[in-house]
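Numbered from 1 within each chain, the chains take letters A, B, ... in sequence-line order. Keep in mind it's a predicted model, so treat the numbers as computed, not measured.
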2 protein chains.
Amino acid sequence: MRLSKRGEYGLRAMIILAEPVEKNAMPVVQIKEIAEREKISAKFLEQILLALKNAGMLHSKMGVGGGYYLARSASEITLGQIFRVLDGPIAPINCVSQMSYEPCGCPDEQTCGLRLVMGDVRNAIADILDNTSLADVTKRQNTVRKKLGIK
Amino acid sequence: MRLSKRGEYGLRAMIILAEPVEKNAMPVVQIKEIAEREKISAKFLEQILLALKNAGMLHSKMGVGGGYYLARSASEITLGQIFRVLDGPIAPINCVSQMSYEPCGCPDEQTCGLRLVMGDVRNAIADILDNTSLADVTKRQNTVRKKLGIK
DNA sequence: TAAAAGACTACTACTACTATAGACTTTATA
DNA sequence: TATAAAGTCTATAGTAGTAGTAGTCTTTTA
């Protein structure tokens with residue numbers, strides 16, 4: 001049940017982009033900065049952020065002092081939205097996908113045991129990803145930091 | 001969050017192998033029979049069943065009248081066990097894997113927001129797959145069939 | 001007008017997935 | 001005891017997706 005590197009880097013980047021908003025800091029962050037902080041190839045990250053931009057989740061500013069920033073508030077962007085842009089459907093198998101259903105070719109879909117269980121799995125994952133916003137993530141990070149007495 | 005064809009076919013086959021036990025029928029089922037019923041390549045399925053056999057989940061009988069049968073009772077084999085043999089770890093990302101942990105290289109694992117959420121996802125999937133046995137699946141199939149008045 | 005930033009496209013290396021093929025072994029039974 | 005039915009095992013091949021590189025273009029600010 002792998003998350004791709006593309007998905008991983010994209011989610012990490014979005015979480016980073018959600019942080020300054022909370023701190024009321026200058027919200028524009030550059031590719032290079034994220035890449036260095038997460039030790040990721042800047043060129044690869046560039047493609048990922050571009051995809052998120054084209055999906056309407058990020059805005060950008062070109063030229064000197066430019067960079068990326070969230071298109072909506074961190075509480076309005078869910079991990080599920082980001083995931084689907086970068087890694088496609090959440091469902092483990094197409095016949096239980098809400099967003100891109102396809103028959104799987106089993107003899108009888110209605111009574112297919114695998115389908116019933118994978119439907120549960122899909123819902124469990126979607127429940128988490130669709131109900132966790134970037135704001136929830138940064139909030140949780142801060143809670144853990146405080147608990148550990150970091151920063 | 002894809003389930004591979006290998007995993008899909010293996011799970012389907014195991015569910016089929018769990019059915020005759022319940023019906024007190026002759027428990028030995030041949031590759032060919034499963035392949036035809038599920039419209040799968042018999043040669044591909046062969047490799048999958050062999051892997052499950054080598055993992056101790058299936059026994060087999062060679063020669064005329066031979067075939068495969070469950071090594072343990074259907075209630076003692078979980079979907080999680082089968083999944084791990086065929087598709088590897090359940091965790092979306094290695095740093096939250098129980099069975100095969102590996103650091104993911106993020107600056108601080110303890111306070112990594114992505115890791116916290118993906119840990120939840122891992123647990124949600126594992127909760128389902130590790131607590132669903134083959135017997136649970138066949139039971140559920142029969143419940144649906146009765147409800148629909150099939151067979 | 002130069003430098004800093006993103007936009008866009010093409011391409012490449014690698015790996016994993018999905019099979020296919022074939023030769024071999026075991027077993028029942030005619 | 002010969003034959004056919006079944007699983008065993010290993011090699012290989014095509015394909016698609018993943019992860020990343022490279023290079024050129026465009027926009028913006030100082």
Task: Separation of atom CG in Leu50(A) from atom P in dT26(D), rounded to whole Å - done: 16 Å

- [ ] Supply the atom-to-atom distance Ile15(A) CD1 to Ile82(A) CD1, rounded to the nearest 0.5 angstrom.
- [x] 7.5 Å

TODO: In whole angstrom, give the distance that lies between atom CG of Leu52(A) and atom C1' of dG6(C).
DONE: 14 Å

- [ ] Within residues 81-97 of chain A, find the residues that approach DNA chain D with a heavy atom at under 4.0 Å, and present them sorted by residue number.
- [x] none

Task: Per-nucleotide protein contact string for nucleotides 22-30 of chain C, where B marks a base within reach and S marks sugar-phosphate only (heavy atoms under 4.0 Å, - for neither) - done: BB-BBBB--

Task: Gap between atoms NE2 and P, on His59(B) and dT8(D) respectively (whole Å) - done: 11 Å

Task: Spacing between Ile48(B) atom CD1 and dC17(C) atom P, to the nearest angstrom - done: 12 Å

Open item on the list: I'd like to know if Ile150(A) and Leu116(B) are part of one continuous hydrophobic network [Ile/Leu/Val/Met/Phe/Trp/Tyr, side-chain heavy atoms within less than 4.5 Å].
Closed with: yes

Open item on the list: Regarding dT18(C), can its base be found pairing with the side chain of Gln47(B) as donor and acceptor, where the two atoms are less than 3.5 Å apart?
Closed with: no

Task: Minimum-distance nucleotide to Gln30(A) side chain [options: dG6(C), dG7(D), dT20(C)] - done: dG6(C)

Task: Contact under 4.0 Å: Ser41(B) side-chain N or O vs dT20(C) OP1/OP2 - done: yes

Task: Note: Arg37(B)-Glu33(B) ion pair, threshold 4.0 Å (strictly below) - done: no

- [ ] Starting from C1' on dG7(D), measure out to NZ on Lys32(B) and report it in whole angstrom.
- [x] 14 Å

Open item on the list: It should be established whether Tyr69(B) places a side-chain nitrogen or oxygen under 4.0 Å from OP1 or OP2 of nucleotide dG7(D).
Closed with: no

TODO: Could you name each residue pair satisfying salt bridge (Lys or Arg N to Asp or Glu O under 4.0 Å) that touches residues 95-109 of chain B, not counting sequence neighbours?
DONE: Glu109(B)-Arg115(B)

Open item on the list: Let me check something: do Met99(A) and Leu129(A) share a hydrophobic cluster, defined by ILVMFWY side-chain heavy atoms less than 4.5 Å apart, either directly or through other members?
Closed with: no

TODO: Would you kindly give the CG-to-C1' distance between Leu49(A) and dG6(C), to the nearest whole Å?
DONE: 10 Å

Task: Test side chain to side chain donor-acceptor pair (under 3.5 Å) applied to Ser75(B) - qualifying residues, sequence neighbours left out - done: Ser73(B)

Task: Side-chain heavy atoms of Tyr68(B) within contact of Ile34(B), under 4.5 Å - done: no

Task: Between P of dT20(C) and CD1 of Ile40(B), the distance in whole Å - done: 12 Å

Task: Donor + acceptor pair across side chains of Ser97(A), Asn94(A) (<3.5 Å) - done: no

TODO: Please confirm whether the backbone N or O of Ala91(B) pairs with a side-chain atom of Arg2(A), one donor and one acceptor, at under 3.5 Å?
DONE: yes

- [ ] Using heavy atoms and a sub-4.0 Å distance, could you list which residues of residues 100-107 of chain A are near DNA chain C? By number, please.
- [x] none

Open item on the list: Is there a side-chain contact between Cys95(A) and Met118(A) in this structure, where contact means two heavy atoms from C-beta onward sitting under 4.5 Å apart?
Closed with: no

Task: Rounded distance in Å - CZ (Phe44(A)) to P (dT9(C)) - done: 18 Å

Task: Nearest-neighbour nucleotide for the Ser60(B) side chain, dA19(D), dT8(D), dT20(C) considered - done: dT8(D)

Task: Contacting residues from residues 1-12 of chain A, given that a heavy atom lies under 4.0 angstrom of DNA chain D - done: Ser4(A), Lys5(A), Arg6(A), Tyr9(A)

Task: side chain to side chain donor-acceptor pair (under 3.5 Å) partner of Asn142(A), the single match among Arg145(A), Lys146(A), Arg140(A) - done: Arg145(A)

Open item on the list: Within the 4.5 Å heavy-atom criterion, are Glu8(B) and Pro92(A) side-chain neighbours or not?
Closed with: no

Open item on the list: Within the structure provided, determine whether Val117(A) and Leu79(B) are in side-chain contact (heavy-atom separation under 4.5 Å).
Closed with: yes

Open item on the list: Any heavy-atom pair between the side chains of Cys112(A) and Arg12(B) that's under 4.5 Å?
Closed with: yes

